[in-house]
Amino acid sequence: MEIAVNVRFLLPGDKLEGIGRFTYETLRHLVQQHPEHTFHFLFDRAYDPRYIFGSNVVPHVLSPPARHPVLWVAWFEGAVARWLRRHRPAVFLSPDGYTTLRTRVPRVTVLHDLAFEHFPQDVDRLTLRYYQFFTPRFAQASARLVAVSDATRQDIVRTYGIPAGKISVVYNAADAQFRPQPAAEQQATRDRYSAGKPYFLFVGALQPRKNLINLLRAFDQFKQQTQAPTKLLVVGRTAWKAGPIFDVYREMQFRHDVHLTGRVTDEELVQLYAAAYATAYVPYFEGFGIPIIEAQACGSPVITSNCSSMPEVAGGAAQLVDPFRAESIADGLRALYQQEEWRQELIARGFRNVQRFSWEQSATALWQVLETVSASR
């Protein structure tokens with residue numbers, strides 16, 4: 001079988017985030033599990049050779065680089081559509097929520113979330129127009145949809161009226177490198193990042209939906225209430241509309257106890273999770289929320305939101321809070337700080353919860369969708 005795949009999110013260098021990680025891990029396993037089939041990887045720029053996962057991968061670079069709404073149209077409705085018309089693969093898989101409307105090739109499209117439908121103010125105007133016009137059309141035109149959580153699946157059904165039977169759930173997972181670290185290494189990490197003090201950890205891009213504003217306000221309240229020596233580490237790149245986050249940061253009473261690390265390597269991230277007193281990940285909307293299970297796999301107890309996909313992913317192994325109320329987040333921070341027995345219970349539950357997820361299982365589930373679509377041609 002000839003399978004075409006949109007791999008725009010396999011970026012050169014160590015730049016993989018949520019969608020990129022899903023793309024990387026599922027395709028790596030699919031290619032290795034099915035050497036009898038050919039995978040045509042469609043890149044929009046020069047690619048890193050490490051993404052050619054096997055001899056059954058054929059790379060293609062299609063222009064222009066699709067990093068702007070106008071160029072998204074040019075790439076998907078132009079370059080990709082022309083390539084599909086010439087090569088006629090059995091199926092076109094798009095792991096990033098985008099596809100093309102100008103093809104008769106059956107499409108499998110992975111929708112990670114519909115956050116823009118619920119929080120349009122978090123997206124710039126031109127990007128929002130693209131999403132609102134194309135995403136419902138992509139959903140209708142695809143032979144099958146894949147959602148990364150049941151919460152996302154239900155959201156697609158409610159928002160776009162897509163039959164539930166057309167949508168499969170394929171979860172994310174934590175990579176094998178996310179695991180506990182020895183006590184001495186944990187202390188070395190605290191010495192390096194938090195002056196040897198315990199710290200709460202946030203991991204994610206600095207953008208509105210990640211809810212850093214309420215987390216920063218909650219941390220200030222926590223410090224006022226407890227006078228604890230605990231720090232807050234914020235790990236992630238500065239993304240879009242981050243200005244208000246830095247405004248709140250500059251106004252904090254305890255901002256000197258907050259360390260903005262920027263992006264770190266995967267190896268450093270493992271160390272940061274493993275040495276954290278707890279991971280505080282409280283977006284107000286998520287399609288999945290990979291940091292929840294990465295933290296649990298490393299032995300970090302998790303504080304997360306009581307809405308969207310996060311309770312589903314946390315699996316009863318997290319302190320749930322209301323992300324829209326800084327007071328609720330502060331209560332969650334204080335609960336773990338003051339109740340060591342509960343903190344240890346969440347660590348144990350977290351180890352059990354992550355057993356539900358693996359990239360091998362995810363790749364197998366995705367392959368079943370591809371086979372179903374191919375067989376129905």
Side-chain angles (χ1 to χ4, degrees), residues 1-10 19-44 47 51-62 66 72-73 75-112 134-148 152-153 156 160 162-172 287 359-377:
M1 185 163 60
E2 304 274 325
I3 303 163
V5 191
N6 155 30
V7 290
R8 290 185 318 126
F9 272 74
L10 294 184
I19 295 176
R21 182 65 61 185
F22 179 94
T23 303
Y24 175 87
E25 293 290 354
T26 54
L27 291 180
R28 182 171 67 90
H29 286 90
L30 283 176
V31 166
Q32 294 170 357
Q33 291 169 0
H34 300 282
E36 72 278 16
H37 299 295
T38 301
F39 295 82
H40 295 273
F41 282 11
L42 308 184
F43 293 91
D44 72 335
Y47 56 88
Y51 296 139
I52 309 307
F53 302 122
S55 59
N56 54 332
V57 173
V58 182
H60 308 266
V61 178
L62 310 182
W72 295 340
V73 176
W75 200 71
F76 284 102
E77 307 306 324
V80 170
R82 286 192 296 271
W83 191 95
L84 294 172
R85 189 162 56 248
R86 286 197 307 269
H87 296 272
R88 295 186 177 278
V91 63
F92 176 45
L93 169 63
S94 193
D96 65 6
Y98 303 60
T99 189
T100 177
L101 300 176
R102 299 180 61 202
T103 187
R104 294 183 179 179
V105 174
R107 283 145 287 181
V108 173
T109 305
V110 182
L111 289 180
H112 293 262
F134 280 101
T135 303
R137 290 168 172 81
F138 291 159
Q140 293 288 346
S142 297
R144 294 281 301 184
L145 295 175
V146 170
V148 294
T152 297
R153 184 186 67 85
I156 296 167
Y160 293 150
I162 303 294
K166 183 181 174 178
I167 310 169
S168 299
V169 174
V170 176
Y171 285 126
N172 286 283
W359 288 119
E360 291 83 359
Q361 293 173 3
S362 298
T364 298
L366 186 56
W367 180 254
Q368 291 172 350
V369 176
L370 295 173
E371 277 196 316
T372 298
V373 169
S374 176
S376 65
R377 292 187 69 183

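Computed from a prediction, not measured in an experiment: that's the story for all the values here.
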As an exercise, state the distance from [atom1] of [X] to [atom2] of [Y], rounded to the nearest 0.5 Å.
{"X": "Q368", "Y": "R144", "atom1": "CD", "atom2": "CZ", "value": "10.5 Å"}
{"X": "Y160", "Y": "L145", "atom1": "OH", "atom2": "CG", "value": "10.5 Å"}
{"X": "L93", "Y": "T109", "atom1": "CG", "atom2": "OG1", "value": "8.0 Å"}
{"X": "L366", "Y": "H29", "atom1": "CG", "atom2": "NE2", "value": "12.5 Å"}
{"X": "L42", "Y": "L10", "atom1": "CG", "atom2": "CG", "value": "11.5 Å"}
{"X": "R82", "Y": "H87", "atom1": "CZ", "atom2": "NE2", "value": "11.5 Å"}

Chi angles and distances behind the side chain to side chain contact (heavy atoms under 4.5 Å, CB included) call for L30, V5 | CA-CA 12 Å; L30 283 176; V5 191; over 6 Å; no

Side-chain heavy atoms of [X] within contact of [Y], under 4.5 Å:
{"X": "P95", "Y": "I19", "value": "no"}
{"X": "N172", "Y": "R21", "value": "no"}
{"X": "P89", "Y": "W83", "value": "yes"}
{"X": "T103", "Y": "R85", "value": "no"}
{"X": "L27", "Y": "V57", "value": "no"}

With F43 as partner, the option from N6, L62, V7 fulfilling side chain to side chain contact (heavy atoms under 4.5 Å, CB included) is V7

[X] side-chain N/O to [Y] backbone N/O, donor-acceptor pair under 3.5 Å:
{"X": "R8", "Y": "A66", "result": "yes"}
{"X": "N56", "Y": "H34", "result": "yes"}
{"X": "S142", "Y": "A139", "result": "no"}

Give me the ring orientation class for F41 and F53: parallel if the planes are under 30° apart, tilted from 30 to 60°, perpendicular past 60°. perpendicular

Nearest atoms (heavy-atom pairs only) where [X] meets [Y]:
{"X": "Y171", "Y": "S362", "answer": "O-OG, 2.6 Å"}
{"X": "T100", "Y": "A81", "answer": "OG1-CB, 3.8 Å"}
{"X": "R102", "Y": "E77", "answer": "NH1-O, 2.6 Å"}
{"X": "G54", "Y": "V31", "answer": "N-CG1, 3.8 Å"}
{"X": "R153", "Y": "A164", "answer": "NH1-CB, 3.2 Å"}
{"X": "V170", "Y": "F22", "answer": "O-CE1, 3.9 Å"}

Do R107 and S94 get their side chains close enough for a donor-acceptor pair, meaning under 3.5 Å? no

Does the side chain to side chain contact (heavy atoms under 4.5 Å, CB included) test come out yes or no for I3 and W367, once each step is laid out?
CA-CA 11 Å; I3 303 163; W367 180 254; 3.5 Å; yes

Problem set entry | Full working for side chain to side chain contact (heavy atoms under 4.5 Å, CB included) between I167 and T152 | CA-CA 10 Å; I167 310 169; T152 297; over 6 Å; no

Taking the six-membered ring for Trp and the full ring for Phe, Tyr or His, determine whether the centres of F9 and Y51 are under 6.0 Å apart.
-> no

Across all chains, not counting sequence neighbours, the ring pair (Phe, Tyr, Trp, His ring centres under 6.0 Å) partners of F39 are none

Sequence neighbours excluded, the answer for side chain to side chain donor-acceptor pair (under 3.5 Å) partners of T38 is none

